[in-house]
Protein chains: 2
Amino acid sequence: MALRHAVLAALLDGELSGYQLAKAFDMGVANFWHALPQQLYTELSRLERDGMVAGREVVQDARPNKRLFRVTDAGQAELERFASAAAKPSFIRDDLLVKVQAADSVSTGPLIEQLTERAEFAEAKTALFEALLLKMRDGLGEDEFLKYGERIGPYLTCRRGLEFERGNRDWCRRTAQVLRERAHTSEASRVRS
Amino acid sequence: MALRHAVLAALLDGELSGYQLAKAFDMGVANFWHALPQQLYTELSRLERDGMVAGREVVQDARPNKRLFRVTDAGQAELERFASAAAKPSFIRDDLLVKVQAADSVSTGPLIEQLTERAEFAEAKTALFEALLLKMRDGLGEDEFLKYGERIGPYLTCRRGLEFERGNRDWCRRTAQVLRERAHTSEASRVRS
DNA sequence: GCGTCATACTCAAGAATATGAATAGTCATT
DNA sequence: AATGACTATTCATATTCTTGAGTATGACGC
């Protein structure tokens, strides 16, 4: 029962279809909670069954029909309950960190490659988040927006996402650099030191 | 098959029992991969069955006996294979971020409390990681250690952990501050603006 | 007129992860 | 002398997440 609240929180921004929700989750923009489309459709069905979201069919002619969902009062109450309950500690799960942990006993070539790739990915996400923040505050200064804006939840979580991706980018670059330099320095000289 | 590699990577530091491994994972120090003791015991059994780790019984008199595990050649080969394969993108899963996403439509009191608590937790982890880094490089300067040190994997991942927790701490503090300031600014004045 | 991409969604099976409960001895505190 | 905390591990069950496949329509470029 955790994806549930992420979906509810995402739907606060307005009505969304399962498909749109899936895109938002894929971006990682909405909630910094990862989920595949199938999970979201399943969760939306469950939420509707439990009366926490309400869906309405929207007929489209140029595309397949879709169902837009909105949070009901019961859903809102559930969010309130969730927000007041103790939070579980967060955790990262990252293949790349596991690989770097083992860096001393595996070939560093592929590692450097993956770190470089990840750094680029993080850089792209950084740019995306920056643009998103700018768009959300819509001309206002950050301080002003945070004081008087009407919808700051997504803005605040996006700020965390931005810092996280900057951290990722920097760490990946530095780590790749360290591994590259050690590849130059020969094994022999390392042992001698 | 993902916890598997985290366990193998953690065991590179030396022989560990399931219990010790569980503590390392609980700290989040070892791999930045979250797992409960039960999962680790199960995974160790599987790894032993598959010949990737070898366990030996250690008889203790003041305590229950334990089994220490080390990585075998097959385990090492599996790690090598894993490190060369493409990494899945990382993701954070954080209740607190979901709650802040919904900040505009839930009571902010409990949120501020949880953010403050989390900031303190992150601060404590920051201090822990800093001490750990200092201990790992054992007197050497960072650059020197990273060039000539023999075991830099855990050091590099710890650096990421440190930056992550610093980011957490700062974001939690700033976010709590924003919510506190908005609590002062009345709802009425916000709507007027 | 063909392949490919984007929209929009569903179903099933399997792997991974989380939860809850037990066992059992030692040590320190109240 | 009872209570709780730490070491050390196991078993069973439940939930969640991932993987893979499948359906259908229309738009776009070549």
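Each chain gets a letter, A, B and so on, in the order its sequence line appears, and its residues count up from 1.
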**Q** Let me know the distance between CG of Leu40(B) and C1' of dA18(C), rounded to the nearest Å.
**A**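 It is 13 Å, rounded to the nearest whole Å.
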**Q** Tell me every residue that passes side chain to side chain contact (heavy atoms under 4.5 Å, CB included) with Arg81(B), counting only those two or more places apart in sequence or in another chain.
**A**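 If we apply the side chain to side chain contact (heavy atoms under 4.5 Å, CB included) test to Arg81(B), skipping adjacent residues, the hits are His5(B), Glu78(B).
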**Q** May I ask you to say what Thr42(A) touches in the nucleic acid, namely base, sugar-phosphate or nothing, with a heavy-atom cut-off under 4.0 Å?
**A**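 No contact.
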**Q** Starting from Phe121(B), walk the hydrophobic network (Ile, Leu, Val, Met, Phe, Trp, Tyr; side-chain heavy atoms closer than 4.5 Å) and list everyone else you reach, by chain and number.
**A**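 Its cluster partners, ordered by chain and number, are none at all.
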**Q** How close or far is atom P of dT26(C) from atom CG of Asn65(B), stated in whole angstroms?
**A**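 That distance rounds to 12 Å.
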**Q** Please give the remaining members of the hydrophobic cluster of Tyr41(B), linking ILVMFWY side chains under 4.5 Å, ordered by chain and number.
**A**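 Taking Ile, Leu, Val, Met, Phe, Trp and Tyr as members, Tyr41(B) shares its hydrophobic cluster with Tyr19(B).
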**Q** Nearest nucleotide by nearest heavy atom, which residue falls closer to the 5' end of DNA chain D, Arg63(A) or Arg67(B)?
**A**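 The 5'-side residue here is Arg67(B).
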**Q** Provide, to the nearest angstrom, the distance between the NZ atom belonging to Lys23(B) and the P atom belonging to dT9(D).
**A**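 About 13 Å, once rounded to whole Å.
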**Q** Using whole Å, report how far CD of Glu57(A) lies from P of dT7(C).
**A**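 After rounding, the reported distance stands at 18 Å.
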**Q** Does Ser17(A) make a side-chain N or O approach to OP1 or OP2 of dC9(C) shorter than 4.0 Å?
**A**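 True: Ser17(A) side-chain N/O within range (under 4.0 Å) of dC9(C) OP1/OP2.
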**Q** Sequence neighbours excluded, which residues qualify as side chain to side chain contact (heavy atoms under 4.5 Å, CB included) partners of Asp170(B)?
**A**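 Asp170(B): side chain to side chain contact (heavy atoms under 4.5 Å, CB included) contacts with Arg174(B).
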**Q** Below the 4.0 Å mark, does dC9(C) have OP1 or OP2 next to a side-chain nitrogen or oxygen of Tyr19(A)?
**A**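 Negative; the distance criterion is not met.
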**Q** Rounded to whole Å, how long is the line connecting atom CZ of Phe25(B) with atom P of dT9(D)?
**A**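 To the nearest whole Å, that distance equals 15 Å.
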**Q** Within this structure, what is the CG-to-C1' distance between Asp61(A) and dA8(C), rounded to whole angstrom?
**A**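 It works out to 15 Å between those atoms.
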**Q** I'd like to compare against my own output: the B/S/- annotation of nucleotides 15-24 of chain D with a strict under-4.0 Å heavy-atom distance to protein.
**A** -SSBBBB---
**Q** Could you list the residues that satisfy side chain to side chain contact (heavy atoms under 4.5 Å, CB included) with Leu16(A), not counting sequence neighbours?
**A**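 Leu16(A): side chain to side chain contact (heavy atoms under 4.5 Å, CB included) contacts with Leu11(A), Gln20(A), Leu21(A).
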**Q** For Gln20(A) and dA8(C), give me the distance from atom CD to atom C1', rounded to whole Å.
**A**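 Distance check: Gln20(A) CD to dA8(C) C1' gives 10 Å.
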**Q** Salt-bridge test for Lys147(A) and Glu144(A): reply yes if a basic N is under 4.0 Å from a carboxylate O, no otherwise.
**A**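 No salt bridge links Lys147(A) with Glu144(A).
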**Q** Taking everything shown except Asp143(B) itself, do over 12 heavy atoms lie less than 6.0 Å from its CG?
**A**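 No.
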**Q** Rounded to whole Å, how long is the line connecting atom OH of Tyr41(B) with atom P of dA18(C)?
**A**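 These atoms are roughly 17 Å apart.
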